[in-house]
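Residues take their numbers from the sequence shown, with the count starting at 1. Treat the numbers as computed from the prediction; the structure is a model and nothing was measured. Side-chain atoms are counted along with the backbone in the values below, which use heavy atoms only and exclude waters and symmetry mates.
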Amino acid sequence: MSPQQQQLLHGYEDKWNSLPPERQQALARGSQRWLTMTPEQRTGAQERFAQWRAMPPEQRQLLRQRWQQFKALPPERQQRVREQFNRFRQMPPERRQQLRQQWRQMTPEQRRRVIQRAPPPRAAVQHPQALRRNPR
């Protein structure tokens, strides 16, 4: 680890050797990401971490499970979920709240139907020459 990473992780120095290897690796990766972030990105990360720490353990566990479910999806489905989430984030707060309320009122079957009806990800438009078998 670089000296900068060691400085970031100084709070773990007493217990580092007792941490499981996967936890050590996760902390090392996180410290490396931190060093590449802009000040704005760091501020956002600090805010999200504070929100995480403020959550009840049950809610954290639910989010961990949802993350594992997301990671188990095929890459094209992950991309679809990301696009849908980004569209949702770009909506005005009032519209997002309205959609959240509608979602809470749906039965699990209704939710499944909504998810299945969601539009597929937009395909990249290829240049006509890229579609030819022999470009010469």
* Around atom CD of Gln97, are there more than 12 heavy atoms of other residues, nucleotides or ligands at under 6.0 Å? -> yes
* Sequence-distant partners of Thr43, side-chain hydrogen bond (donor to acceptor under 3.5 Å, both in side chains), two or more places apart -> none
* Side-chain donor or acceptor of Gln32 paired with backbone N/O of Gln5 under 3.5 Å -> no
* Please report the closest heavy-atom contact between Thr36 and Gln41, naming both atoms and the distance. => O-OE1, 4.3 Å
* Scan for ring pair (Phe, Tyr, Trp, His ring centres under 6.0 Å) pairs involving residues 74-116, sequence neighbours excluded, and state none if there are none. => none
* Asked: Is it true that the side chains of Gln65 and Gln69 contain a donor and an acceptor less than 3.5 Å apart?
  -> no
* Verify whether one side chain among Arg95 and Gln98 offers a donor that lies under 3.5 Å from an acceptor in the other. => yes
* **Donor-acceptor side-chain pairing of Ser2 and Gln4 below 3.5 angstrom** => yes
* To do: Ignoring hydrogens and angles, tell me if any N or O in the side chain of Arg80 forms a donor-acceptor pair with the backbone of Pro75 under 3.5 Å.
  => no
* Can you list the residues that meet the ring pair (Phe, Tyr, Trp, His ring centres under 6.0 Å) rule with Phe70, with sequence neighbours excluded? -> Trp67
* Quick check: are there more than 12 heavy atoms from other residues, nucleotides or ligands sitting under 6.0 Å from CZ of Arg53? -> yes
* Does Leu73 offer a backbone N or O that forms a donor-acceptor pair with the side chain of Gln78 under 3.5 Å? -> yes
